[in-house]
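These notes are about the structure you will find just below.
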Amino acid sequence: MDTVRSLQHLHAVYILTWCIHFGYVLYLVRGFVQVRREMDELKKT
Amino acid sequence: MNRAIFTFSAIFVALLLSYGLHQALDVAPTEATMGNVQRIFYYHASSFAVAFAMFGVNLIASVFYLLRRKTSLALAADAIAVSAAELGVIFCSIGLMGGMLWAKPVWGIWWTWDARLTSTFVLWLIYVSYLMLRRLAEGDQAPTLAAALAIFGFVDVPIVYMSIRWWRTQHPQPVIFGEAGQSGLDPAMLTALLVNIGAFLCYGAVVFAVRYKLERARQALREVQAIRSIELARMEAR
C-alpha cells in the first residue's frame, strides 16, 4: 500500500469533514442574517 | 436557546471533538494491515452514527406532524423534521466521502456497487429528494408530502445497517455489534471510536438546535409576510 498516498487520504478526510461543517455553520449564520434583514424590512414598511 | 447554555455547549463540544481527534490520531494504535489510513474509520463511523440518529429524529417528527398537523405543535414538529433531515444529509455526505477516500488506498477503487454502499447511496438520495421537495414544492401540502416521504425513506436505514450481515459485501463486517469473537477491534480503537461517536453526537445536537431555531425564525417570518400580504390586499380592496 502506498503509505504517502494513504496519509494524504487520511488528511483529506479530516480536513474536508471540518471544511464541510464550517461551511454549513456559515450557511446557518447567513440564514439568520437574512431572516433578520427581511423582518426589519417588513417592520419598516 | 439561552445564550449562556449555547456558549457552554459550544465550548464543551469543541473540547470533546479535540479530545476525539487526539484519540483518533495519537492514542489509537495503527492498524496492522491498512496502516494509518484506517484512522478514517473514527470519522467515517461517527458521521454515519449522527446521520442515522438525525434520520431517526426526522422520522419521529414526521410521524408526529402527520398525526397532529391540525395542532399548534405541528409547525415545531415540521421544523424539527426539516432540521434533522438537513443535518442527516450533511453527515451522510461526509460519511460517504470518507468511505470513498478510505476505499481507494485499501480496495484500489473509489466505489463499488455492493449492498452496503448502494443502500447508503440510495438513503442519501432519498433524503436529498426530501430536501428538494421541501424547497421546490409550493403550497401547504409540501410538509405533509415530505413527512410521508420521510416515513418511507427511513425504511432504508435498517437495510443499510443490516446489509453487511444479510449479504456478502466488499465493505468490512461489523466491528462493534458483530458476532462474538469476530470483532477484532483493539480496546484502544474502541475507546477512540466511542469518544468520537459521542463527540459527533454532541456536535450534531448543538448544530441541530441552531438549525431548528433558524427554521422557527423562518416560519415566523413567513407568518408575518402572510399577514402583511392580507393587510395590503384589504387596503387595495378599499
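On a predicted model such as this, the values are computed, not experimentally measured, just so you know. Below, chain A is the first sequence line, B the second, and so on; all start at residue 1.
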Tell me the closest heavy-atom pair linking Glu38(A) and Gln225(B), and the distance in Å. OE1-NE2, 3.3 Å
Closest heavy-atom pair, Tyr14(A) versus Ile40(B), reported as atoms and distance to 0.1 Å, is CE1-CA, 4.3 Å
With a 4.5 angstrom heavy-atom cut-off, could you sort out which part of Phe41(B) is near chain A: side chain, backbone, both or neither? neither
So what's closer than 4.5 Å to chain B heavy atoms on His21(A): side chain, backbone, both or neither? both
Identify the heavy atoms of Val37(B) and Ser6(A) that sit nearest to each other, and give their distance. CG2-O, 3.6 Å
Taking every non-hydrogen atom, the tightest pair across Ala220(B) and Met39(A): C-CE, 4.1 Å
Can you see which heavy atom on Leu28(A) is nearest to which on Arg211(B), and at what distance? CD2-CD, 3.3 Å
Of the backbone (N, CA, C, O) and the side chain (C-beta and beyond), which part of Ile20(A) lies under 4.5 Å from a heavy atom of chain B, both, or neither? side chain
Any residue of residues 20-29 of chain B which, by heavy atoms, sits under 4.5 Å from chain A: Leu21(B), Ala24(B), Leu25(B)
Compare all side-chain heavy atoms of Leu17(B) with those of Trp18(A) and state whether any distance is below 4.5 angstrom. yes
Please classify the contact between Arg39(B) and chain A as side chain, backbone, both or neither, with a heavy-atom cut-off of under 4.5 Å. both
Closest non-hydrogen atom pair between Val207(B) and Tyr24(A), with its separation: CG1-CE2, 3.6 Å
